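Below is one structure, written out as structure tokens; comments come after it.
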Amino acid sequence: MQQKDVLPMKTEPADKRVAAAAPALNVTGAEAVIRSLIAEGVETIFGYPGGAIMPIYDALYDFQDQVHHILVRHEQGATHAAQGYARTSGKVGVVFATSGPGATNLVTGLADAHMDSTPMVCITGQVAAALLGTDAFQETDVIGITMPITKWNIQVTRPEDIPGAIAKAFYIARNGRPGPVLVDITKNAQVAKADFNYKKCDYIRSYQPVPEVQADAVEAAAALINSAKRPYILCGHGVLIANAEKELIAFAEKAQIPIASTLLGLSAVSVDHPLYVGYLGMHGNYGTNINTNECDVLIAVGMRFDDRITGDVNTYARQAKVIHIEIDAAEINKIIKADVAVHADAKAALQALIPQIQPQRHDEWLQSFRVADQLEKEKVTQAELYPQEGGLKMAEVIRRISEKTGGHAVLVTDVGQHQMVASRYYRFQDPNTNITSGGMGTMGFALPAAMGAKVGVPEKEVVAIIGDGCFQMTLQELGTIYQSEIGVKIVILNNNFLGMVRQWQQLFFDKRYSSTEMINPDFVQIAKGFYVPGRKVTDRAEIDAAVDEMLAHKGAYLLEVVVEREDNVFPMVPAGAPIANIRLE
């Protein structure tokens, strides 16, 4: 048999050859976690190690040049720090915690982030899959516990599922209405190996995070606004989340519409803008609340009609046509019925609405927010902001901090009287400079949130305004501030009371001050124990120099200001009362 000629094999030019696929990287689940976070652009993690998450911390050791870990002193502090970081930087906050008590210590921060729409991914360690349900050491059902207070949660028991779970977690946390997500990873999944392939998530079937703007809804809204005589904008947190501050101002300026802000909407519009009329809610400005029941078209942008805004819903804005611009369909018609619902991202909705709005003037309506009678009733007087005698007042301290920072500092407030005073009197100039716990009202929020905020925007001055009760809930984070060299400025307004509860006891419980008086430690000495310098002020003559000293200091600094023991915050709408029933004393 004649042998066939063997033809020479053809070869392609080198630049046209197809390179062989690189072998997949085979890594432990723990390393897959760290590599996944790096793929998502994570630069900072707030956390606290423990047994069930130790493999992930071991993997983190090899990536310290790419990811910075900040060791907090309590897992709750990690969540609040991640919140402050997310709200100043615009990135997703990331938290590590171990199983059992480590995971349950995240609950308050998760609930807080859920209420205030803050993007956060918490990764918890868990006992091995074979031990689930056996009441093993430090085992808790963190999935069941956190289901109502997360946007999504998942338990991962296999290493090959880790990249996909983390990719989905980041997509859900940051898209649409943001919120917290929890990924619980069993220990066996952390130590076993699998091929690592990371693909960012950009779509989930049946989940449409950013709804399409409906043209008919925009047209209906424009028609109401164009015919309005007394239109009124309520600016909520959704404006800041959507980065829609410029669109909101352009919209308001085109039709000369007054803008009022919710607590979490503060800083979306400079308080010096001619159309900004003040702060809404239980301790909001007198005119902004009263005129809610005087407007003919109410335009709510990125807010959820919280009970602290509406008071008695049966008497709230009954005369007005309501336009509700909101990304979360669940919030529309939940509390206040909308005549026109624009289910959309605030930025997209306003961009669609602006061309359809007619230029208008509402000078008389705008002036109604600034009449002398309202300003007098609101108690914005020389005696409150510029007192000449008596003890130091919270308002004058906030005024001086506002003046000396020009309203450009990031103000992080805790919860209580000091929070309301700061919200009323700090003159916010820049977006995302008001960081506070709104929906949950979490005492102990400010100190860890301030350190996270400073990490998020290290170039900005960050000032935490904290009550003496709140400070004692998370003061251990002074250790984190010292170790991580976080230059936050801490102001304790000390009245030796749980101030807001005491105010309610005075007004509604016949001054029966039950368990609200505080015998406090030496806060300055405590700070010094954590190597944070500080100063205590009791005299009005010292306050200017003390604030100057604090702001001039290069690192962290604690300023304790002893204020009047029974200094109340007015105006005040009693809980559940009509917003027109404003108490002035």
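All values below come from the heavy atoms of this structure, side chains included, with hydrogens, waters and symmetry mates left out. Computed from a predicted model, the values in this text were never measured in an experiment.
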One should read off an interatomic distance between N289 CG and H283 NE2, to the nearest 0.5 angstrom, of 11.0 Å
Those residues at least two apart in sequence (or on a different chain) that pass salt bridge (Lys or Arg N to Asp or Glu O under 4.0 Å) with D312 are none
Check against salt bridge (charged side-chain N to carboxylate O under 4.0 Å, His left out), E564 and K393
CA-CA 6 Å; E564 278 193 355; K393 288 185 173 288; 3.5 Å; yes
task: Just do the side-chain contact (heavy atoms from CB on, under 4.5 Å) check on N432 and T88 with the steps written out, would you?
output: CA-CA 6 Å; N432 296 308; T88 55; 5.8 Å; no
In short, side chain to side chain donor-acceptor pair (under 3.5 Å) pairs touching residues 170-180 with sequence neighbours left out are E40-R174, S117-R177, R177-D328, R177-E331
*Is R502 close enough and on-axis enough to F497, meaning under 6.0 Å and within 45°, for cation-pi?*
yes
So the side chain to side chain donor-acceptor pair (under 3.5 Å) pairs with at least one residue in residues 335-352 (sequence neighbours excluded) are E247-K347, E247-Q351
With sequence neighbours left out, the residues meeting salt bridge (Lys or Arg N to Asp or Glu O under 4.0 Å) with K151 are none
Exercise. Please indicate whether E389 has more than 12 foreign heavy atoms, meaning atoms of other residues, nucleotides or ligands, lying under 6.0 Å from its CD.
Key: no
Rounded to the nearest 0.5 angstrom, the CE-OG1 distance for M303 and T310 is 8.5 Å
R308/D306 ion pair, N-O < 4.0 Å: no
Kindly check if the number of other-residue, nucleotide or ligand heavy atoms within 6.0 Å of NZ (K334) is above 12?
yes
Residues at least two apart in sequence or cross-chain that pass salt bridge (Lys or Arg N to Asp or Glu O under 4.0 Å) with R583, listed by chain then number, are none
*asked:* Testing the 3.5 Å rule here: is there a donor-acceptor pair between the side chains of T405 and Y426?
replied: yes
Taken in chain and number order and not counting sequence neighbours, the residues that satisfy side-chain contact (heavy atoms from CB on, under 4.5 Å) with H114 are P180
Any chance you could lay out the side-chain contact (heavy atoms from CB on, under 4.5 Å) test for I401 and V491, step after step, and finish with the verdict?
CA-CA 10 Å; I401 293 171; V491 179; 4.0 Å; yes
### Task
Carefully, step by step, assess S368 and N291 under the rule side-chain hydrogen bond (donor to acceptor under 3.5 Å, both in side chains).
CA-CA 8 Å; S368 72; N291 280 359; 3.1 Å; yes
Residues 227-239 vs salt bridge (charged side-chain N to carboxylate O under 4.0 Å, His left out), sequence neighbours excluded, gives none
Side-chain donor-acceptor contacts of residues 435-444 below 3.5 Å, not counting sequence neighbours, with atom names and distances?
unit_1: T436; atom_1: OG1; unit_2: T413; atom_2: O; d: 3.3
unit_1: T436; atom_1: OG1; unit_2: T413; atom_2: OG1; d: 2.7
unit_1: T436; atom_1: OG1; unit_2: Q419; atom_2: NE2; d: 2.8
unit_1: S437; atom_1: OG; unit_2: D112; atom_2: OD2; d: 2.6
unit_1: S437; atom_1: OG; unit_2: G441; atom_2: N; d: 3.1
unit_1: S437; atom_1: OG; unit_2: T442; atom_2: N; d: 2.9
unit_1: T442; atom_1: OG1; unit_2: D112; atom_2: OD2; d: 2.7

Residues 215-228, side-chain donor-acceptor partners within the protein, below 3.5 Å, at least two apart:
unit_1: N226; atom_1: OD1; unit_2: Q358; atom_2: N; d: 2.8
unit_1: N226; atom_1: ND2; unit_2: A222; atom_2: O; d: 3.1
unit_1: N226; atom_1: ND2; unit_2: Q356; atom_2: O; d: 3.1
unit_1: S227; atom_1: OG; unit_2: A223; atom_2: O; d: 3.1
unit_1: S227; atom_1: OG; unit_2: L224; atom_2: O; d: 3.1

**Asked** Strictly under 6.0 Å, is that where the ring centroids of H408 and F428 end up?
**Response** no
Applied to residues 541-555, the side chain to side chain donor-acceptor pair (under 3.5 Å) test, sequence neighbours excluded, yields R400-D544, K404-D548, R535-E549, E549-Y557
Are a donor atom and an acceptor atom from the side chains of Q506 and N568 found within less than 3.5 Å of each other?
yes
Heavy-atom closest pair (L447 atom, F471 atom, distance to 0.1 Å) is CD2-CE1, 4.0 Å
Salt bridge (charged side-chain N to carboxylate O under 4.0 Å, His left out) pairs touching residues 254-282, sequence neighbours excluded, are D272-R427
For residues 223-278, the ring-ring contact (aromatic ring centres under 6.0 Å, His included) pairs (sequence neighbours left out) are Y232-F369
